[in-house]
K.L.:
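Before I ask anything, here is the structure I am working with.
In this chain, residues are counted from 1 in sequence order. Remember, it's a predicted structure, so these values are computed and weren't measured experimentally.
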Amino acid sequence: MTKFRPLGTRLRVHPDPREDRQGMLYLPPGSQSRSQIGTVVAVGPNVQTLHPGDRVIFGRYAGSELPGGDLFFREEDIMGVLVEEDLPQ
């Protein structure tokens, strides 16, 4: 299997799966837009703020799709990192 290693400030993101239902309606795969949330899989050597395993939000039309469904972005295309906060009990 061939591996992909991003260069420069580029990164590889695995998008979260989309649900195929909206309420009671079934949405066929061709009518669904891609998820805008995903997990960073690999980062290039010049990426400063993101690390593999970070959950990120990105623009709907940003990035390029790679074979296998992963997405390829520049670091500046990422809007933010999702952080799970500890809730007081």
Side-chain angles (χ1 to χ4, degrees):
M1 180 176 170
T2 303
K3 292 192 176 194
F4 178 84
R5 183 175 46 96
L7 300 176
T9 61
R10 293 176 176 84
L11 51 121
R12 183 176 184 168
V13 174
H14 181 76
D16 288 357
R18 295 289 297 201
E19 291 191 23
D20 61 355
R21 294 193 175 274
Q22 178 112 19
M24 297 290 291
L25 297 175
Y26 169 76
L27 300 172
S31 70
Q32 297 175 11
S33 60
R34 71 181 187 195
S35 175
Q36 290 180 261
I37 298 174
T39 303
V40 176
V41 176
V43 298
N46 298 332
V47 173
Q48 300 291 320
T49 57
L50 298 168
H51 307 283
D54 285 347
R55 299 234 3 197
V56 295
I57 299 174
F58 46 86
R60 178 171 291 168
Y61 301 109
S64 301
E65 191 165 344
L66 296 169
D70 283 354
L71 302 171
F72 183 57
F73 295 98
R74 291 184 184 273
E75 185 176 18
E76 59 266 14
D77 291 335
I78 302 298
M79 294 181 186
V81 178
L82 292 172
V83 179
E84 292 189 30
E85 297 181 18
D86 292 330
L87 298 174
Q89 295 183 8

K.L.:
Drop me the distance from Asn46's CG to Leu7's CG, to the nearest 0.5 angstrom.
P.N.:
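CG of Leu7 is found 9.5 Å from CG of Asn46.
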K.L.:
Can Val56 be reached from Val41 by stepping across I, L, V, M, F, W or Y side chains whose heavy atoms are under 4.5 Å apart?
P.N.:
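Val41 and Val56: separate clusters.
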K.L.:
Same cluster or not: Ile37 versus Val81, using hydrophobic residues (I, L, V, M, F, W, Y) connected whenever any side-chain heavy atoms lie under 4.5 Å apart?
P.N.:
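Hydrophobic grouping puts Ile37 apart from Val81.
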K.L.:
Please confirm whether the backbone N or O of Phe58 pairs with a side-chain atom of Gln36, one donor and one acceptor, at under 3.5 Å?
P.N.:
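Yes; at least one donor-acceptor contact below 3.5 Å.
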K.L.:
So do the side chains of Pro52 and Val43 get within less than 4.5 Å of each other, counting heavy atoms only?
P.N.:
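When only atoms from C-beta onward are counted, Val43 and Pro52 do touch, with a gap below 4.5 Å.
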K.L.:
Any chance you could measure Ile78, atom CD1, to Leu11, atom CG, to the nearest 0.5 Å?
P.N.:
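One gets 5.0 Å once the value is rounded to the nearest 0.5 Å.
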K.L.:
If you define the side chain from C-beta out and look only at heavy atoms, does anything of Thr39 sit under 4.5 Å from Pro15?
P.N.:
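Thr39 does not reach Pro15 side chain to side chain.
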K.L.:
Rounded to the nearest 0.5 Å, how far apart are CD of Glu75 and CG of Leu50?
P.N.:
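Answer rounded to 0.5 Å: 5.5 Å.
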K.L.:
Applying a strict under-4.5 Å side-chain criterion to I, L, V, M, F, W and Y, I'd like to know whether Ile57 and Val13 cluster together.
P.N.:
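Result: no, two separate clusters.
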K.L.:
Please give me the minimum heavy-atom distance between Pro45 and Pro6, naming the atom from each residue.
P.N.:
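Of all heavy-atom pairs spanning Pro45 and Pro6, the closest is CD-O, 3.8 Å.
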K.L.:
Measure the spacing between CZ of Arg10 and CG of Asp77 and express it to the nearest 0.5 Å.
P.N.:
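Between atom CZ of Arg10 and atom CG of Asp77 there are 10.0 Å.
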K.L.:
If you draw a 6.0 Å radius around CD in Glu76, do more than 12 non-hydrogen atoms from other residues or ligands fall strictly inside?
P.N.:
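Enclosed.
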